[in-house]
Amino acid sequence: MLRMSTLFLRTLRDDPSDAEVASHRLLVRAGYIRRIAAGIYSWLPLGYITYRNIERVIREEMDAAGFQEVHFPSMLPREPYEKTNRWEEYGPDLFRLQDRKGGDYLLGPTHEEMFTLMVKGEYSSYKDLPLHIYQIQTKFRDEPRPRSGIIRGREFVMKDSYSFDLDDAGLDASYEKHRQAYIKTFDRLGLKYNIVAAMSGAMGGSRSEEFLAPCPTGEDTYVLCEKCGYAANVEAMITKVLSKEIATPPAVEVMDTPNTPTIDSLVEVMNKNYGGGFSAGDTLKNILLMADGVAISVLVPGNREVDVKRLQANLSGVKELRLFEEADFATRKELVKGYVGPQDAQKFGLKLYADPRIAVGTHWITGANQLNKHARYVTHGRDFQVDAFVEAVEIEAGDLCPKCESPVIIDRAIEIGHIFALGRKYAENLDLTVLDHEGKSRVVTMGSYGIGVSRAVAAIAEQTHDEIGLSWPIEIAPAQVHIVATGKDDQPFNVAEDLAKKIEASGRTVMLDDRRDASPGVKFKDAELIGNPIILIVGKALIDGKVELRIRKSGEKREVALESAVTEVLALLV
RNA sequence: CGGGGCGUAGCGUAGUGGCUAGCGCGCCUGCUUUGGGAGCAGGAGACCGAGAGUUCGAAUCUCUCCGCCCCGACCA
């Protein structure tokens, strides 16, 4: 039983000045967490109980799925990360340290290497597969910008699991098994979430989905089709191009378009000198970029922006991508800034990409590769050829769902889980092989699956709080029932104590506000701030043999007879 | 790393060159109070982020450093 009279807890009346988002503000005010350094937090008793409740649910679901728990150290040697090249790749995000002999160590940001090596050390036969193991571990990433309290810390707890299979079919099954386990887990945690197609990106691999908990303070942007349920990370959104009949356009016509280096200025001149009715969507933007030191050109409609991050995610293998700068134009005089067109890309030795919106057969107004000149009727397939299509534009609300063609919405969310079909990258680099039934050595294929455990505390707080405080789901709350005793006599305190014991005897958790010196107002405010789901008030109504029952979430209150109070409370907790 | 802001008691804050750094919450003592963050009286608690400088005099001005928050490029 948690007794407020002795609980290590001090609630704050004012919001802490360094907290912005609701979860951060309220978790600090309600005495769940305290900041130690940027992105590093301590868990106080209430916070730690809540955190452990979440951990428990996750662990139960992992175990129920038949996954086995292990525990690695946080501090790890350099060598394994050297072999997968991540000692370098992780860059400054990796916390590094040295021992007294100058040996390099790191604080684990994630543990693919260690799991792979562990399995390699024990297993060598296909008969041992499939295998699923997981851990719940503190992870360290020296984030460039820790943010939003516990949502994005430099130290955080993650549940990470890994699957090991002989072949692709096995990996698919393992992936699906994890997916189902995650659905159960997040449902139990009381989170609203969407499963969203994601890019596997830096982790490599073939298939990847994110579990995103929608909330306005989230850092991730995703698209959602409210009609058919299609959901995707903006990077992974697939463009739907409606095919339309296109008459064969006239031959290319070069036009004088003085002082039109921008789309807006071009449209204005076109409307003035070449008849009206032109809009930015009729023009073609030629975006020049440097991809790992090589100049490339990407075509997008003039009314759309390029999303460099999304573009990079879709240009497989490109490590560094940036827009052309003045210096790049200076070294490539043939590329006339503001007047570039795709017609001469081959001549210029430019690799040419197009957003899918630039379909074959469409024609555009675009640069003529001469200062102050543009060309029209420039037709894809006739006047230029692209090397490849690539998703490049910034997704906007109203873009069409690739499945059902209705307009999508754009929403924000917190990423609470991510599942990857990793494939063989790590197994190859670390030489994890098993013998198959023919006695031949085969590289194992892996999956990697994460849940942000500490982040889930914040995500749940974000989704469930209201103006006056936190409001936890039953299974997560520090206590399921919060009993407040008010008055100056002993009687309500004795009655409250008795109720607390009975409810606890029924297997429920109880917090008892047995403070003799606090006023009723203080106790009510604290109860609401702390956010336990059921609040039972023993006080004034006791004269009539009643106690007051409140539902934190709905605000509903009613008086119930003392004798039936326990039954009523238990009925609310099923 | 670029842009913006902030650092004064446990928390929230006032104080732009002048005397003993002020207020609210919280904390301690006493009395009163007990259904919506109680009242009165008394009290403790601050090397004003650190260092250097300017000045008769610095929380206040200058420089450097450190720390923190927010907005952008990365991720559970």
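The sequence lines fix the lettering, A, B, ..., with proteins before strands; numbering per chain opens at 1. Values in this document were obtained by computation on a predicted structure and should not be read as measured data.
- Side-chain to base pairing of A:Arg152 with B:C74: one donor and one acceptor N or O lie within less than 3.5 Å of each other.
- B:G7 is paired with B:C66 under the criterion used here, namely a Watson-Crick or G-U wobble arrangement in which both key atom distances are under 3.5 Å.
- Of all non-hydrogen atoms in A:Val393 and A:Asp355, the two that sit nearest each other are N-OD1, 3.2 Å.
- For the OP1/OP2 pair of B:G37 and a distance below 4.0 Å, the side-chain nitrogens and oxygens of A:Ser519 include no atom meeting the criterion.
- Using a 4.0 Å heavy-atom distance criterion, A:Glu528 is classed as a base contact.
- Regarding contacts with the backbone of B:C11, every side-chain N or O of A:Arg13 stays at 4.0 angstrom or more from both OP1 and OP2.
- Both cation-pi conditions hold for A:Arg550 and A:Phe524: the charged atom is under 6.0 angstrom from the six-membered ring centre and inside a 45 degree cone around its axis.
- Nucleotides B:G7 and B:G30 have their C1' atoms positioned 38 Å apart, rounded to a whole Å.
- With P as the reference atom, B:G10 and B:A52 are 24 Å apart, rounded to whole Å.
- To the nearest whole angstrom, the two C1' atoms, one in B:A21 and one in B:A9, are 11 Å apart.
- Note on A:Asp220: a base of the nucleic acid sits closer than 4.0 angstrom, heavy atoms only.
- Across the C1' atoms, B:C66 and B:A73 are found 25 Å apart, a figure rounded to whole Å.
- Applying the 3.5 Å distance criterion, the base of B:G37 shares a donor-acceptor pair with the side chain of A:Arg29.
- Here A:Phe524 does not lie in a stacked arrangement on the base of B:G37, lacking the combination of planes under 30° and ring centres under 5.5 Å apart.
- Look at the P atom in both B:C70 and B:C65: the space between them is 23 Å, to the nearest Å.
- As rounded to the nearest Å, B:C28 and B:C74 have C1' atoms that lie 49 Å from one another.
- Heavy-atom contacts from other residues, nucleotides or ligands closer than 6.0 Å to CD of A:Gln180 number more than 12.
- Checking each of A:Gln463, A:Glu462, A:Arg152 against A:Ile414 for a side chain to side chain contact (heavy atoms under 4.5 Å, CB included) leaves exactly one that passes, namely A:Glu462.
- In terms of polar N and O atoms assigned as donor or acceptor, the side chain of A:Asp526 comes within less than 3.5 Å of the base of B:G37 in a complementary pairing.
- Between the C1' atoms of B:G24 and B:U8, the separation comes to 15 Å (whole Å).
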